[in-house]
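Starting from 1, each residue takes its place in the sequence as its number. Since we're looking at a predicted model, the values are computed, not measured.
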Amino acid sequence: MNSVIDLLVVGGGINGAGIARDASGRGLSVLLVEQDDLASHTSSASTKLIHGGLRYLEYYEFRLVREALMERERLLQIAPHIIWPLEFVLPHDAGMRPAWMIRAGLFLYDHLARRNRLPASKAVRLATHDAGAALNPGFSKGFTYADCWVDDSRLVVLNARDAAARGALIRTRTKLVSARRQGDVWVAELEDRFTGRRESVAARAMVNAAGPWVETVLRDGLGKSSTQSVRLIKGSHVVVPRLYAGEHAYILQNADKRIVFAIPYESAFTLIGTTDIAFDGEPGHVAASEDEVVYLCESVNRYFRTQLSAQDVVHCYSGVRPLYDDHSANASAVTRDYVLHTEGGDGVPPLLSVFGGKITTFRRLAEHALEKLMPLLGRSVGSSWTATSPLPGGDMGGLTPWEYASELKLRHPHLLGDLLERFARSYGSVAEVVLDGARSVADLGADLGGGVTEREVEYLVRQEWACDAADVLWRRSKRGLHCSENTIVRIDEFVSGIGQGRKSEIA
């Protein structure tokens with residue numbers, strides 16, 4: 001067993017990575033362990049939005065919406081390469097929520113928190129608005145408002161990268177087998193899921209940020225019970241060929257009072273989601289049901305001229321949201337707020353467990369977690385810092401990803417414009433690190449498929465913990481939508497030859 005670390009974080013989703021980043025920046029020694037890949041479950045299965053949650057106003061979640069709206073502005077500032085503004089069009093259906101109610105909700109949404117970067121909502125006539133062309137003729141009135149799109153899994157990876165740059169150890173494919181208090185430390189047994197090798201580590205404090213497995217870690221790993229619990233809700237999404245022209249999104253009201261989003265996705269596609277269904281299975285094995293696919297297609301068909309069927313779906317994904325159990329009867333009404341449960345202190349090594357939360361508020365959740373943990377570790381809380389410090393690649397000099405792509409094209413005229421645009425949106429200023437020394441397309445190595453080159457894969461393995469093709473194609477990028485099965489084979493073969501491909505541990 002090595003020397004004692006300050007903090008062991010269990011879980012490599014957005015909350016675990018956010019806490020590891022904040023803790024490392026406050027001077028704590030941190031080890032984060034994740035049993036699979038970073039963002040391999042809930043945090044890569046979202047609707048890809050940074051938003052306040054307009055519909056949460058119906059459930060009087062004013063504090064949550066306000067906090068989320070404030071975080072929307074902060075995240076847009078620190079990660080402009082992977083988060084950018086998105087206009088939403090809400091067609092009005094007179095048979096559902098009345099227009100005055102929607103307008104009042106949008107007014108609140110505009111004013112619950114200060115808006116510096118996004119426009120205010122407004123009413124529009126769909127007969128003359130560009131967004132109306134794709135809709136069925138019965139929709140004449142609508143509203144627009146702004147939220148933000150996010151590359152969710154890259155948000156997780158960049159938090160982990162920043163934590164590692166500040167001294168944290170990030171270990172993927174590493175499972176917490178057990179942990180017990182021994183004197184003033186936690187002694188945890190970890191298992192390398194590649195080799196089966198086990199080792200013990202000692203930590204002054206632990207964070208259980210295991211998402212859907214938070215109760216499993218408490219019960220099976222720590223031998224503890226909790227008065228807090230999570231409610232597992234499955235959300236599924238489908239991807240179809242581009243449904244409409246334009247870069248705006250739609251928010252669609254359904255007769256069951258749920259809403260469904262239709263969002264431009266990966267240039268050639270439209271992302272549609274999500275469902276809300278109670279789930280009681282194994283969170284690591286979840287898939288969209290036929291009924292969910294039909295539900296999402298029918299939701300869109302009520303509004304759009306182009307009609308969809310299950311045969312139009314080119315990809316679908318599902319995730320299990322570990323919502324804090326507030327005992328709501330309706331799955332859609334379960335709070336998206338979070339609860340942080342702490343125990344220990346006064347000589348007893350602390351444990352903090354995360355119940356619930358949403359991707360938009362992860363940074364504030366991490367701040368709250370450190371505000372609780374630092375005093376229990378005998379440290380001063382210090383100043384919060386994550387709200388203004390850019391995530392890796394976010395320091396683009398105030399440029400948008402598209403403006404930064406233009407700069408890259410001027411500096412690298414010998415490289416393909418499409419590749420540089422994608423690099424600007426994925427890597428931001430770190431694109432120059434990936435491209436370092438490349439004077440021609442050939443310098444980037446072979447194209448393994450979908451525009452993914454050997455140079456890019458090597459970077460993702462050595463710097464972003466990618467271990468196989470799924471890590472590269474679905475979580476470090478979304479190029480899986482553009483690739484064949486042959487690409488998967490080629491990337492896996494290339495990764496296995498790098499040497500570090502089995503697992504990265506980056507300080």
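Atom NE2 of His414 has more than 12 neighbouring heavy atoms from other residues, nucleotides or ligands inside a 6.0 Å radius. Heavy atoms from other residues, nucleotides or ligands lying under 6.0 Å from NZ of Lys122 number 12 at most. The neighbour count for Arg97 CZ, taken as heavy atoms of other residues, nucleotides or ligands under 6.0 Å away, is above 12. Residue-environment remark: CG (Asp418) stays at or below the threshold of 12 foreign heavy atoms within 6.0 Å.
Phe304 places a side-chain heavy atom less than 4.5 Å from the side chain of Leu135.
In this view, Arg74 and Glu71 satisfy the side-chain hydrogen bond (donor to acceptor under 3.5 Å, both in side chains) rule, not counting sequence neighbours. Residues meeting the side-chain contact (heavy atoms from CB on, under 4.5 Å) test with Ala131, sequence neighbours left out: Val89, His129, His248, Tyr250. With sequence neighbours left out, the side-chain contact (heavy atoms from CB on, under 4.5 Å) criterion links Ser140 to no other residue.
The pair Glu73-Arg66 fails the salt-bridge criterion, with no side-chain N (NZ, NE, NH1 or NH2) lying under 4.0 Å from an Asp/Glu carboxylate O. Checked for salt-bridge contact, Arg302 and Glu298 miss the test: no charged N lies under 4.0 Å from a carboxylate O. Contact check on Arg55 versus Asp276 returns a salt bridge, with a Lys/Arg side-chain nitrogen under 4.0 Å from an Asp/Glu carboxylate oxygen.
Remark: of the listed residues Lys478, Arg479, Lys48, Arg425, Arg479 is the sole one forming a salt bridge (charged side-chain N to carboxylate O under 4.0 Å, His left out) with Glu266. Of the residues listed (Arg462, Arg455, Glu454), the one engaging Glu458 in a side chain to side chain contact (heavy atoms under 4.5 Å, CB included) is Arg462, and it is the only one.
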*Could you walk me through whether Arg63 and Glu67 pass salt bridge (Lys or Arg N to Asp or Glu O under 4.0 Å), step by step?*
CA-CA 6 Å; Arg63 189 211 61 79; Glu67 179 173 272; 3.3 Å; yes

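Relative orientation of the His51 and Tyr56 rings is tilted, given thresholds of 30° and 60° on the angle between their planes. Aromatic ring pairs are classed by plane angle as parallel below 30°, tilted from 30° to 60° and perpendicular above 60°; the pair Phe423 and Tyr427 is perpendicular. Note: His237 and Tyr317 have parallel aromatic rings, judged against thresholds of 30 and 60 degrees for the angle between ring planes. In this pair, Tyr303 and Phe139 present their aromatic rings parallel. The plane angle is below 30°, not in the 30 to 60° band.
A donor-acceptor distance shorter than 3.5 angstrom exists from the side chain of Arg490 to the backbone of Asp447, with no hydrogens or angles considered. Side chain of Lys358 to backbone of Leu323: no donor-acceptor contact under 3.5 angstrom is found. A donor-acceptor contact shorter than 3.5 Å is absent between the side chain of His482 and the backbone of Gly450. Between the Glu464 side chain and the Val461 main chain, no donor and acceptor come within less than 3.5 Å of each other.
Glu282 and Trp213 form a side-chain donor-acceptor contact under 3.5 Å, judged by distance and modelled atom types alone.
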